[in-house]
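Bear in mind that the values here come from a model prediction, so they are computed numbers and not experimental data. The basis for the numbers below is simple: all heavy atoms, side chains too, and nothing from hydrogens, waters or symmetry mates.
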Amino acid sequence: MKKILIFDSTLRDGSHSLKQQLELATIRDYCDIVDNSGVDSVIVGHGNGLGASSLQIGFSKYTDKEMLIEAKSHLKKTKLGIYMIPGFGTIKDNLLEAIDIGVDIFKIGSHCTEADTTKEHIEFLRNHNKQVYGILMMSHMASPKRLLEEVLKMESYGAFGVILMDSAGFMLPTDVKERIQLLTSKSNIKIGFHAHNNLGCAVANTLMALDCGASIVDATVRGFGAGAGNCQLETLVAIMKRIEKEFDINLYKLLDASEMIKKIAPLETGVDTISIMMGVAGIFSAFKNRIRAVAKEFDVDERDIILELEKKKAIGGQEDMIIESAMSIVERNNNKKDKATSFLETLS
């Protein structure tokens with residue numbers, strides 16, 4: 001079996017669950033536990049990556065620099081990684097700073113049909129001899145053939161590999177198989193998979209990806225992440241140890257990290273009604289907290305907002321559409337009330 005790279009995104013995707021209020025003490029303690037556990041890198045930062053701290057997306061409690069310096073000082077063997085979406089972050093303001101801090105692994109992401117936006121950033125990092133990977137978000141929204149086109153673009157830019165993000169937890173194992181088999185057979189770089197658990201398929205989907213030739217797993221301890229969370233890393237490792245003796249991960253360390261995350265994870269973390277609806281509709285998992293807050297503010301059904309976002313084909317970074325959707329629902333409901341009132345008046 002080929003070497004599988006494990007990217008641990010607990011301290012990045014998990015930040016969504018904490019509304020970007022990840023503590024430096026959590027970063028320190030987590031890195032102390034998982035260092036030299038066998039995971040290849042720990043990805044740290046705002047849920048939407050470097051430079052994403054903002055009013056629209058949510059402000060981080062600490063700056064990117066503060067979080068990365070804290071993590072770097074507690075990772076002696078395991079590599080430090082970051083995630084960045086061009087537009088949120090820039091080369092000048094974010095990537096250069098990350099290089100100076102000593103970040104080892106760089107993940108540059110785009111919507112699944114917009115790999116072109118990563119060209120400058122991937123090429124810049126390769127020119128600086130950095131290990132860089134492309135990320136295709138919301139990958140359920142593109143056909144396998146289109147995904148291959150985007151992967152080949154990232155490969156031409158110099159990416160070491162490309163990771164498909166099932167950002168909405170929409171895919172079933174058959175969807176994963178169709179995509180990963182094509183990408184691994186038609187490209188010359190590593191292919192990875194980042195699952196979300198909205199429909200309870202995150203671990204099964206990741207296993208399917210590995211069975212179809214993927215060689216990068218992007219997962220989180222305890223499944224700690226946006227919406228319903230991610231593929232639960234310690235569960236995946238336990239399964240892999242049953243079927244692959246050479247899978248060199250210290251399960252005890254991951255279980256210890258899981259117990260630590262358990263203490264800070266919100267009670268509602270995991271698969272719930274809103275997460276299931278988001279998975280069915282294919283809505284970006286990081287929208288969950290905002291949908292819940294907006295539904296309460298406008299006194300509308302969370303599920304109606306999700307279906308409205310599905311009609312609009314909303315993607316990550318379009319949080320403003322959540323309020324627009326709620327307002328559309330309120331307007332329709334008011335029109336229905338007006339029509340009902342007018343009808344009743346004609347009867348009186």
Side-chain angles (χ1 to χ4, degrees), residues 13-20 46-48 52 54-58 85 88 109-114 136-143 164-176 194-202 204-205 220 223-231 265-337:
D13 213 321
S15 187
H16 285 301
S17 294
L18 300 175
K19 299 179 180 179
Q20 315 303 339
H46 186 284
N48 284 73
S54 63
L55 178 62
Q56 181 188 19
I57 306 297
I85 303 171
F88 286 143
S110 74
H111 183 59
C112 59
T113 57
E114 298 172 2
L136 294 174
M137 302 182 295
M138 298 290 284
S139 56
H140 73 281
M141 297 182 76
S143 68
L164 296 189
M165 274 193 177
D166 182 18
S167 313
F170 178 87
M171 291 191 203
L172 302 178
T174 50
D175 301 313
V176 177
H194 171 104
H196 275 261
N197 201 40
N198 296 66
L199 299 179
C201 293
N205 282 347
T220 67
F224 194 46
N230 305 88
C231 172
L267 293 176
E268 68 271 17
T269 296
V271 178
D272 56 14
T273 55
I274 185 172
S275 295
I276 293 170
M277 278 296 297
M278 291 173 73
V280 169
I283 302 303
F284 187 47
S285 291
F287 283 1
K288 180 178 179 179
N289 289 333
R290 187 68 62 89
I291 289 173
R292 184 157 281 165
V294 169
K296 184 176 181 181
E297 178 67 24
F298 285 82
D299 192 25
V300 297
D301 195 313
E302 298 170 346
R303 295 166 294 187
D304 289 339
I305 293 178
I306 291 168
L307 293 178
E308 192 74 18
L309 289 169
E310 181 184 20
K311 292 177 187 175
K312 296 177 184 292
K313 299 186 184 301
I315 62 174
Q318 295 180 328
E319 279 78 359
D320 53 328
M321 283 192 179
I322 299 172
I323 293 178
E324 291 177 12
S325 297
M327 293 174 67
S328 296
I329 294 166
V330 170
E331 184 177 358
R332 284 202 301 271
N333 289 343
N334 287 338
N335 286 339
K336 287 179 182 178
K337 289 178 182 178

Q | For Ser285, all residues meeting side chain to side chain contact (heavy atoms under 4.5 Å, CB included), sequence neighbours excluded | A | His196, Asn198, Ala226
Q.
Checking Asn230 against His194 for the side chain to side chain donor-acceptor pair (under 3.5 Å) test, could you report, in this order, the C-alpha distance in whole Å, the side-chain angles of both residues, the deciding distance, and whether it holds?
A. CA-CA 8 Å; Asn230 305 88; His194 171 104; 3.0 Å; yes
**Q.** Cys201 to Asn197 - nearest heavy-atom pair and separation
**A.** N-OD1, 3.3 Å
Q) Taking the side chain from His46 and the backbone from Asn48, do they hold a donor-acceptor pair closer than 3.5 Å? A) yes
Q.
Rounded to the nearest 0.5 Å, what separates atom CZ in Phe284 from atom NE2 in His111?
A. 11.0 Å
Q) What residues, two or more places apart in sequence or in another chain, satisfy side chain to side chain donor-acceptor pair (under 3.5 Å) together with Ser15? A) Gln20
Q: Could you note down all residue pairs passing side-chain hydrogen bond (donor to acceptor under 3.5 Å, both in side chains) where residues 296-305 supplies at least one of them, sequence neighbours left out?
A: Arg292-Glu302, Asp301-Arg303
(Q) Among residues at least two apart in sequence or on other chains, which ones pass side chain to side chain donor-acceptor pair (under 3.5 Å) with Glu308? (A) Arg332
Side-chain donor-acceptor pairs of residues 309-326 under 3.5 Å, sequence neighbours excluded:
from	atom 1	to	atom 2	distance (Å)
Gln318	OE1	Ile315	N	2.9
Glu319	OE1	Gly317	N	3.4
Ser325	OG	Met321	O	2.7

(Q) Once side chain to side chain donor-acceptor pair (under 3.5 Å) is applied, do any residues pair with Arg290, and if so which ones, sequence neighbours excluded? (A) none
Q: To the nearest 0.5 angstrom, please state how far the CD1 atom of Ile305 sits from the CD1 atom of Ile329.
A: 5.0 Å
Q | Note, Phe224 side chain near Leu18 side chain (heavy atom, < 4.5 Å) | A | yes
**Q.** Inter-residue atom distance Glu114.CD - Leu136.CG, 0.5 Å rounding
**A.** 10.5 Å
(Q) If the condition is side chain to side chain donor-acceptor pair (under 3.5 Å), which residues does Ser110 pass it with, not counting sequence neighbours? (A) none
Q: Look up atom CG in Leu164 and atom CG in Asn205, then write down how far apart they are to the nearest 0.5 Å.
A: 11.5 Å
(Q) Show every ring-ring contact (aromatic ring centres under 6.0 Å, His included) that has at least one partner inside residues 302-323, sequence neighbours left out. (A) none
Q: Might you point out which heavy atoms bring Ser139 and Cys112 nearest each other, and give the distance in Å?
A: CA-CB, 3.9 Å
Q | Taking every non-hydrogen atom, the tightest pair across Val330 and Phe298 | A | CG2-O, 3.9 Å
Q: Kindly indicate whether the side chain of Lys288, heavy atoms from C-beta on, has any atom under 4.5 Å from the side chain of His16.
A: no
Q. How would you list, by chain and number, every residue that makes a side chain to side chain contact (heavy atoms under 4.5 Å, CB included) with Ala168, sequence neighbours excluded?
A. Met138, His140, Phe170
(Q) For the backbone of Leu172 and the side chain of Asp175, can you confirm whether one donor and one acceptor N or O come within less than 3.5 Å of each other? (A) yes
Q: For residues Ala195 and Ala202, report the shortest heavy-atom separation together with the two atoms involved.
A: CB-O, 3.6 Å
Q | Shortest non-hydrogen contact from Ser275 toward Gly227 | A | OG-C, 3.8 Å
